[in-house]
Amino acid sequence: MRQIQKLQDALVSLRLSEASKELPAILAKAEKDQVSYLSFLNNLVEYERNKRDEKNMEKRLKLASFPCIAPLDDFNLEEQESMSQKEFNQLKELAWVEQLFNLILLGPPGVGKTHLAVGLGLEAIQKGYKVSFISMGELVHTLKTLDITRKSQTRIKRIKDSHLVIIDDLMYAAMDPREANLFFQLVNDLYNHSSIILTSNRSPKEWTELLGDVGVATAILDRLIHRAEIVSFNEDSHRMRNRQRIFNEESVQK
């Protein structure tokens, strides 16, 4: 036992803490199965690596700040007429993130824009990407308080360090000139560095009016749409189709 403890301490000093904790169990199994030295060492190293991968994924998931966990497997593609199964699979493969493409999801509330965005974000995290999710309202507030609070500075730094940035409810409300300029600066910093998923109930043609400044709006659109796929959801709201009702069908007919 003393030898095992010394080896565990050595593993900890080498920053292999997970392997250290599991060493007795892996060693006992190796003796029982009479595996080779090479297999024992491989099992020990694999355990450490797998545990590190799990912890890194948990950390990336926490830092992403998703509003909910909405896996792509739960996304009902049959309800969407604007996207084929082939296109859905292509998005899921995430090659477009490597190519620094943006994805713009347009449509009224309740059609699945945020679900799809979060689902793609979860897929990206599982594949090792850093992801940040933020609503447009929260983003504007964070940008406006950047020079005031350390929390805002940390959040923006995390966003700029992400491979994929998801901005939800873009252009939900009009911006003043200062807000529009701050947003442009962020988009410019992310350009040629990160992929962006935008969800919006307004078409890009309406963004100029909501941004107020034509020059700033043009510059933002130029960077967002330069490499982008635009998906327009024109279906009825999922929440409307599946709403719970006070009146049953029989009482409605009466």
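All values derive from a computational prediction rather than experimental measurement.
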Interatomic distance, Leu94 atom CG to His163 atom NE2 [nearest 0.5 angstrom]: 12.0 Å
Presence of salt bridge, Lys62 and Glu58, under 4.0 angstrom: no
Minimum side-chain heavy-atom gap Phe66-Leu61 below 4.5 Å: yes
salt_bridge(Glu18, Lys21) N-O dist < 4.0 Å: yes
Donor-acceptor contact below 3.5 Å, side chain Lys113 vs main chain Pro108: yes
Heavy-atom check, side chain of Leu91 versus side chain of Met83, under 4.5 Å: yes
Expected output: side-chain Asp176 to main-chain Arg178 donor-acceptor under 3.5 Å: yes
Test item: Glu48 side-chain N/O and Ala19 main-chain N/O as donor-acceptor pair under 3.5 Å: yes
Distance (rounded to the nearest 0.5 Å) between Leu44 CG and Glu46 CD: 10.5 Å
Between Asp168 and Thr114: side-chain donor-acceptor atoms closer than 3.5 Å: yes
Gln8 CD to Ser17 OG distance, which is reported to the nearest 0.5 Å: 11.5 Å
Test log, rule side chain to side chain contact (heavy atoms under 4.5 Å, CB included), inputs Val140 and Lys144: CA-CA 6 Å; Val140 169; Lys144 288 171 71 173; 3.7 Å; yes
Minimum heavy-atom distance Met136-Leu170, with the two atoms named: SD-CD1, 3.4 Å
Donor-acceptor contact below 3.5 Å, side chain His193 vs main chain Lys160: yes
Test: Lys51 and Glu22 ion pair at under 4.0 Å: no
Check: Ala64 main-chain N/O paired with Ser132 side-chain donor or acceptor under 3.5 Å: no
Donor-acceptor under 3.5 Å (Thr218 side chain, Val214 main chain): yes
4.5 Å side-chain heavy-atom contact, Glu98 and Tyr129: yes
Approximate separation, where rounding is to 0.5 Å, of Asp147 CG and Ser152 OG: 9.5 Å
Verdict with reasoning, Leu186 to Leu139, per side chain to side chain contact (heavy atoms under 4.5 Å, CB included): CA-CA 10 Å; Leu186 177 64; Leu139 177 59; 3.6 Å; yes
Ile104 vs Glu229 side-chain heavy atoms within contact, under 4.5 Å: no
Minimum heavy-atom distance Val165-Ser194, with the two atoms named: CG2-CB, 4.5 Å
Leu164 backbone acceptor or donor facing Ser195 side chain under 3.5 Å: no
Polar side-chain atom of Lys130 near backbone of Asp161 as donor-acceptor pair, under 3.5 Å: no
Within 6.0 angstrom of Gln126 CD, more than 12 heavy atoms from elsewhere: yes
Other residues, nucleotides, ligands: >12 heavy atoms within 6.0 Å of Gln99 CD: yes
Carboxylate-amine/guanidinium proximity below 4.0 Å for Asp189 and Arg223: no
Pairwise distance CD1(Ile26) to CG(Asn42) - rounded to 0.5 angstrom: 10.5 Å
Separation between OG of Ser65 and CZ of Arg155, rounded to the nearest 0.5 Å: 4.5 Å
Minimum heavy-atom distance between Leu72 and Phe88, given as atom pair plus value: O-CZ, 4.0 Å
Side chain to side chain contact (heavy atoms under 4.5 Å, CB included) evaluation trace for Leu103 with Trp96: CA-CA 9 Å; Leu103 181 62; Trp96 53 277; 4.3 Å; yes
Side-chain (Asn102) to main-chain (Ile196) donor-acceptor, under 3.5 angstrom: yes
Polar side chain donor-acceptor pair, Gln185 to Asn181, under 3.5 angstrom: no
Check: Val131 and Leu63 side chains under 4.5 Å, non-hydrogen atoms: no
Gln85, CD: over 12 other non-hydrogen atoms inside 6.0 angstrom: yes
Gln90, CD: over 12 other non-hydrogen atoms inside 6.0 angstrom: no
Heavy atoms of other groups near Arg227 CZ, more than 12 under 6.0 Å: yes
Candidate list Val111, Thr199, Leu198, Leu120, test side chain to side chain contact (heavy atoms under 4.5 Å, CB included), partner Leu105, passing option: Thr199
Atom of Ile166, atom of Ala117 and distance for their closest heavy-atom approach: CD1-O, 3.3 Å
NE2 (His141) with more than 12 external heavy atoms under 6.0 Å: no
Any side-chain heavy-atom pair of Phe183 and Ile220 under 4.5 Å: yes
Lys127 atom NZ, neighbour heavy-atom count above 12 within 6.0 Å: yes
Over all atoms of both residues, closest heavy-atom pair of Phe75 and Gly112: CE1-O, 3.5 Å
Distance-minimising heavy-atom pair for Pro204 and Ile225: CB-CD1, 4.2 Å
Side-chain donor or acceptor of Asp74 paired with backbone N/O of Ala70 under 3.5 Å: no
